[in-house]
Amino acid sequence: MHTELAWLKAIAPDLMGVVTKRYQVLQFINWMAPVGRRTLAEQMKISERALRTETDFLRGQGLLESSKSGMVLTAKGLETFHGLDHLMNQLLGIKDDEKRLATHLGIDHCLVVSGDADQSSRVLDELGKTLNSTLQLLLPPGHLTIAVMGGTTMAHLATQLTFQLSAGRELSFVPARGGLGEAVTIQANSIAAAMAEATDSKYRALYVPENLSSESYESLIKEPSVREVLNLIDKAQVVIHSVGDALVMAKRRGMSPDTISMLKAKHAVAEAFGVFYDAKGKVVYKIPQIGLQLADLDHIPYVFAVAAGKSKAKAIAAYMQHAPSRTWLLTDIGATNSILTGATR
């Protein structure tokens, strides 16, 4: 396949460009349908005139249709779009990038989707679908406890999980940490509940604040209801988490101005599991928290990290210096290109 693609690119580089552009039009319509031409042009960062040329052609081929609500793919369009997935991954170099990225980050597995989450949130939906299919493929049958973190990325992922994931499995979702200081919709408790509902599974909540004094921490972990959920978290076989931009996470958690200034002074770029890192992966700050700790990942068989968008590249590169080598990183081309070209340094 690689040789044939190289020959095609050599003899008809313009053809490759046309195929890629039309595939991307199909991809964006599939993500956003029904969608108007102006909105689609804005999302794809191209002119309406250029887009009209492509959509007129695709409509003539019977691949899309229009109504007052906007453009949608026809059955033939959907079949064509999905049928081109493997070829386009090769053409766009995604499979090669997955291998290069895994080697660069020192982990075993990377899964990369096209697009940049900074430009379109639909990329996060694609990552959710990829996560769902990967979990279906990898997870063994039987009872499994899945610990999940909170955040906006995780909230997107929850909408893409399906009930097929629980076929042959008894899944229990638990929040990986407390976090009552965050917006309700992106708390780990809410994500665990949403994933459980989407997969027709069970969940348990952990109603404790994330930021605690040592005295409060020692007192709370003795509470029977808290202790029970912490035991479930400790025995989790699967962890799904995101990687955050340090300053964005600090502000979202309502951390003090002094702490934020300290993070800036120490050039913090990443946060995961309540730990803040600089670009070299050095730990610059830790939040005392109830729930899963970074060290706990050492005994958890399946670890999935999801982070996407060029803006997350520095955070991904910094955190991955501490991630277990068996981590599955799910990301996009935007972050991948930035990491591989050294733009995160």
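When a residue number appears, it is its place in the shown sequence, counting from 1.
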_With Val113, the side-chain contact (heavy atoms from CB on, under 4.5 Å) member among Leu127, Ile333, Thr336_ = Leu127

*Can you check whether Thr259's main-chain N or O pairs, donor with acceptor, with Ser261's side chain at less than 3.5 Å?*
no

*For Lys21, look at atom NZ and say whether over 12 heavy atoms of other residues, nucleotides or ligands are found less than 6.0 Å away.*
no

Scan the side chains in residues 62-74 for donor-acceptor partners under 3.5 Å anywhere in the protein, sequence neighbours excluded, and list what turns up.
unit_1	atom_1	unit_2	atom_2	d
Ser66	OG	Arg59	NE	3.4
Ser66	OG	Arg59	NH2	2.9
Ser67	OG	Ser69	N	3.2
Thr74	OG1	Gly62	O	2.6
Thr74	OG1	Leu63	O	3.3
Thr74	OG1	Lys76	N	3.4
Thr74	OG1	Gly77	N	3.0

*Full working for side-chain contact (heavy atoms from CB on, under 4.5 Å) between Leu297 and Leu292*: CA-CA 8 Å; Leu297 300 187; Leu292 200 68; 4.0 Å; yes

*Say whether, by atom type as modelled, one donor and one acceptor occur between the side chain of Thr103 and the main chain of Lys99 under 3.5 angstrom.*
yes

*asked:* Atom CZ of residue position Phe304 - does it have more than 12 heavy atoms of other residues, nucleotides or ligands inside 6.0 Å?
replied: yes

_Please determine whether the number of non-hydrogen atoms from other residues, nucleotides or ligands lying under 6.0 Å from atom CD of Glu197 exceeds 12._
no

*Output yes when a side-chain donor or acceptor of Thr55 lies under 3.5 Å from a complementary backbone atom of Leu51, and no otherwise.*
yes

*Can you check whether Trp328 reaches Thr134 side chain to side chain, under 4.5 Å on heavy atoms?*
yes

*Where do His299 and Asp234 come nearest, in terms of heavy atoms and distance?*
NE2-O, 3.1 Å

_Please give me the minimum heavy-atom distance between Ser201 and Leu171, naming the atom from each residue._
CB-O, 3.2 Å

*Would you confirm whether Arg204, through its side chain, and Asn189, through its main-chain N or O, come within 3.5 Å as a donor-acceptor pair?*
no

Could you list the donor-acceptor pairs under 3.5 angstrom formed by side chains in residues 141-157, with sequence neighbours left out?
unit_1	atom_1	unit_2	atom_2	d
His143	ND1	Glu170	O	3.1
His156	ND1	Asp125	OD1	3.4

*Heavy-atom neighbours of Arg38 CZ exceed 12 at 6.0 Å*: no

*Between Phe273 and His241, ring centroids under 6.0 Å*: yes

*Flag the pair Glu271 and Lys286 as a salt bridge only when some basic side-chain nitrogen lies within less than 4.0 angstrom of an acidic carboxylate oxygen.*
no

*Do the side chains of Val123 and Trp31 get nearer than 4.5 Å, heavy atoms only?*
yes

*Is it true that a side-chain atom of Ser133 and a backbone atom of Lys129 form a donor plus acceptor pair closer than 3.5 Å?*
yes

_Tell me if the CD atom of Glu48 is crowded by more than 12 foreign heavy atoms within 6.0 Å._
yes

*For Phe57, is the NZ or CZ atom of Arg22 found under 6.0 angstrom from the centre of its six-membered ring and inside 45 degrees of the ring axis?*
yes

*Do Val243 and Lys312 touch side chain to side chain, with heavy atoms closer than 4.5 Å?*
no

*Within the 6.0 Å centroid threshold, strictly below: Tyr277 and His267*: no

*Is a donor on one side and an acceptor on the other found under 3.5 Å between the side chain of Asn337 and the backbone of Gly334?*
no

*When you check the side-chain N and O atoms of Thr162 and Gln164, is any donor under 3.5 Å from an acceptor?*
yes

_Nearest heavy-atom neighbours spanning Lys310 and Asp118_ = N-OD2, 3.1 Å

*Heavy atoms only: give me the nearest Ala236-Ile300 pair and the separation to one decimal.*
O-CG1, 3.6 Å

*Could you check if a side-chain atom of Ile316 sits within less than 4.5 angstrom of a side-chain atom of Met320, using non-hydrogen atoms only?*
yes

*Ser166 side chain to Asp200 side chain, donor-acceptor N/O pair below 3.5 angstrom*: no

_Backbone of Gly281 reached by a side-chain donor or acceptor of His322 within 3.5 Å_ = yes

